[in-house]
There are 2 protein chains.
Amino acid sequence: MATGRTHRPATRSRGIPEATVARLPLYLRALTALSERSVPTVSSEELATAAGVNSAKLRKDFSYLGSYGTRGVGYDVEYLVYQISRELGLTQDWPVVIVGIGNLGAALANYGGFASRGFRVAALIDADPAMAGKPVAGLPVRHTDELESIISDNGVSIGVIATPAGAAQQVCDRLVAAGVTSILNFAPTVLSVPDGVDVRKVDLSIELQILAFHEQRKSGEDAGQAVAPPPPLRSASDGRKGPDGDVPAVMPA
Amino acid sequence: MATGRTHRPATRSRGIPEATVARLPLYLRALTALSERSVPTVSSEELATAAGVNSAKLRKDFSYLGSYGTRGVGYDVEYLVYQISRELGLTQDWPVVIVGIGNLGAALANYGGFASRGFRVAALIDADPAMAGKPVAGLPVRHTDELESIISDNGVSIGVIATPAGAAQQVCDRLVAAGVTSILNFAPTVLSVPDGVDVRKVDLSIELQILAFHEQRKSGEDAGQAVAPPPPLRSASDGRKGPDGDVPAVMPA
DNA sequence: CCATCTTTGTGCACGCGTTCACAAAGGCAT
DNA sequence: ATGCCTTTGTGAACGCGTGCACAAAGATGG
């Protein structure tokens, strides 16, 4: 931002805003599609539309990476694909392990989006002995006992947790102790990790609840108020439906 | 985290900040756990720790809902569970349809977190005729042809898209046309919808890429610079194709 | 009834992220 | 060259979200 323009796109601008990082994959996807159609260049306006964002925001995002555009013309698609890929670290191979091979874990293992971007499923791990050896998505499921050695042998630094909530923290601890420093958590639990370890969580239940909030608002706000009045304090026997608490069950292994 | 995409700052009616809404499900989960253990009251500090947030933030969040706490004591667990549930619209039944019963769709259908919070899977829909009638998670898969009638008959307003990216927009359009006003999108595509329709997206690939970015940064930034030098920068007219030809596809199951 | 202790509710300041708006840069036609 | 047209890159303003710090509220004990 200072006056001096950078001649070198060098990685000197350490401070790429988190919000920008979160959008880079979006741009990369749109650019990849353009690349496949052999489109040579694209303007910020076109790309922004394709990515579903504001063009000014897109330009500012790219400005953090360096000046890769040509005024009056736009951005070179191939070049930008390369730059973003490099910035995201996708030019290297990232072995990942998926722990908890239930319905969700299996779905993730079969998810094509992983392998397509430098992510390689190094192993599928499950605590159920009956699952051991059973092939899922072309890979034999390994037992939890092997977790540490698998991570160590493959140099895994990214782990995906798809276990029931109750086992998540324990699995997380083992992953971290074994050397994993980035975790993608699908279990509906708050994971506590030491400094230096990144955790991102994907929670289906939460997403739905947020949608429900907005949905309720759309269908008249007056209706929502017509429900039973609140019990002020100490209501002994709670009449709510079964204690679901998505705490437990997520994926019946 | 995870994702979630909001292009609508619209939540001004009751003025509950979007960021707060996104945390309410988190509080609700922690409170439900306390409720099951019959804990009568909880302080903002304790609850904040359980939810993994700052206590001041939690108090401010609750202040948007009203003054439900008692100074010197804390919050009444049951009462708060009720208030948050009501605010999120979970006191009513939300029928949802899941479109695209592949690996992921099936996993979602089996996901316990849905039914546990007022969300009821009204139907599973797939375009493959071979899937029709086949039971998944106890429900017979319905063919896409029935989409409109299913939504209409069940008063569905929330739809979950778990189809391949290529079919997502089309499915989305049909859902919206049929009356759905909230969509949870798992397909790696930017969906365009008319005003009044909310879309949240969950993109596994993006989450991993964000993790990779931070991971790369941890493991020395110098290493990343030692890779192949940047490609061309020639603008138009030069129809040279990318040398590395970034891997295409982004398709999920 | 008063003193003390705990915990809430919030005013305030700060920093990040978004958006506008425009000068500068570069291509292109004449 | 020269002037016009397109599009980038970014300064600046604005708004949202976060976290601090503290006064007010209420419980509790003497």
Side-chain angles (χ1 to χ4, degrees), chain A residues 1-9 13-24 26-27 39-77 79-80 83 210 232-234, chain B residues 1 4-12 14-24 26-27 39-49 51-77 79-80 83 210 233-238:
Chain A
M1 262 23 48
T3 40
R5 277 279 43 243
T6 51
H7 317 332
R8 277 314 252 167
S13 43
R14 288 298 180 292
I16 295 182
E18 192 57 35
T20 294
V21 172
R23 281 188 292 270
L24 290 181
L26 220 51
Y27 301 145
V39 177
T41 61
V42 64
S43 70
S44 63
E45 199 64 54
E46 296 171 305
L47 186 54
T49 299
V53 303
N54 178 297
S55 70
K57 190 186 295 185
L58 178 145
R59 287 199 297 278
K60 179 144 290 189
D61 282 341
F62 285 174
S63 76
Y64 292 118
L65 306 182
S67 295
Y68 297 147
T70 303
R71 296 174 192 236
V73 177
Y75 299 89
D76 181 278
V77 174
Y79 188 51
L80 209 43
Q83 288 299 340
I210 294 173
L233 287 168
R234 300 289 296 141
Chain B
M1 322 247 175
R5 170 144 179 277
T6 313
H7 49 337
R8 188 107 206 127
T11 315
R12 82 291 218 180
R14 226 342 168 206
I16 296 182
E18 191 57 34
T20 294
V21 172
R23 281 188 293 269
L24 291 182
L26 221 50
Y27 302 144
V39 176
T41 61
V42 64
S43 70
S44 64
E45 198 65 53
E46 296 171 306
L47 185 55
T49 298
V53 303
N54 179 298
S55 69
K57 189 186 296 184
L58 179 143
R59 287 198 298 276
K60 181 149 293 189
D61 282 341
F62 285 173
S63 76
Y64 292 117
L65 305 184
S67 296
Y68 297 146
T70 303
R71 297 176 191 232
V73 177
Y75 299 89
D76 180 277
V77 175
Y79 186 52
L80 209 44
Q83 288 300 340
I210 294 173
L233 177 50
R234 276 272 42 87
S235 48
S237 51
D238 187 319

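Below, read A as the first sequence line, B as the second, and so on, with proteins coming before strands; counting in each chain starts at 1.
- The side chain of B:Asn54 places an N or O atom within less than 4.0 Å of a non-bridging phosphate oxygen (OP1 or OP2) of D:dC20.
- The nearest whole Å value for the distance from the CD atom in A:Glu45 to the P atom in D:dT8 is 8 Å.
- Checked against D:dA27, D:dT18, C:dG26, the side chain of B:Thr70 finds its nearest nucleotide in D:dA27.
- Contact annotation: B:Ser44 side-chain N/O to C:dT8 OP1/OP2 distance is under 4.0 Å.
- No N or O donor and acceptor, one from the side chain of B:Lys60 and one from the base of D:dT18, sit under 3.5 Å apart.
- Here the OH-CD distance, from A:Tyr75 to A:Glu46, works out to 12.0 Å after rounding to the nearest 0.5 Å.
- For a distance-only test at 3.5 Å, the side chain of B:Arg71 fails to qualify as a donor-acceptor partner of the base of C:dT7.
- With rounding to the nearest 0.5 angstrom, the CZ atom of B:Arg23 is 11.0 Å from the NZ atom of B:Lys60.
- Rounded to whole Å, atom P of C:dT7 lies 16 Å from atom CZ of B:Phe62.
- Nearer to the 5' terminus of DNA chain C, by closest-nucleotide assignment, is the contact made by B:Gly72 (compared with the other of B:Gly72 and A:Ala56).
- In this structure, CD of B:Glu18 is placed 22 Å from P of C:dC16, rounded to the nearest angstrom.
- Tested against A:Tyr27 for a side chain to side chain contact (heavy atoms under 4.5 Å, CB included), the candidates A:Leu65, A:Leu58, A:Leu80, A:Thr20 yield a single pass: A:Leu58.
- The distance between atom OH of B:Tyr68 and atom C1' of D:dA25, rounded to the nearest whole Å, is 18 Å.
- Between B:Ser44 and B:Ser55, the closest heavy-atom pair is O-CB, 3.9 Å.
- Taking side-chain N and O atoms only, B:Lys57 has a distance below 4.0 Å to OP1 or OP2 of D:dT18.
- Across the protein-nucleic acid pair, B:Asp76 atom CG and C:dT8 atom C1' stand 15 Å apart, rounded to whole Å.
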Steps toward ring pair (Phe, Tyr, Trp, His ring centres under 6.0 Å) verdict (B:Tyr68, B:Tyr79): CA-CA 8 Å; B:Tyr68 297 146; B:Tyr79 186 52; 5.3 Å; yes

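- Across the protein-nucleic acid pair, B:Glu46 atom CD and C:dT6 atom P stand 14 Å apart, rounded to whole Å.
- For A:Arg59 and D:dT6, the CZ to P distance is 15 Å, given to the nearest whole Å.
- Look at CG on B:Leu58: it is 14 Å from P on D:dC20, rounded to the nearest Å.
- For B:Tyr75, taking side-chain heavy atoms from C-beta onward, the closest of the listed nucleotides C:dT19, D:dG19, C:dG9 is C:dG9.
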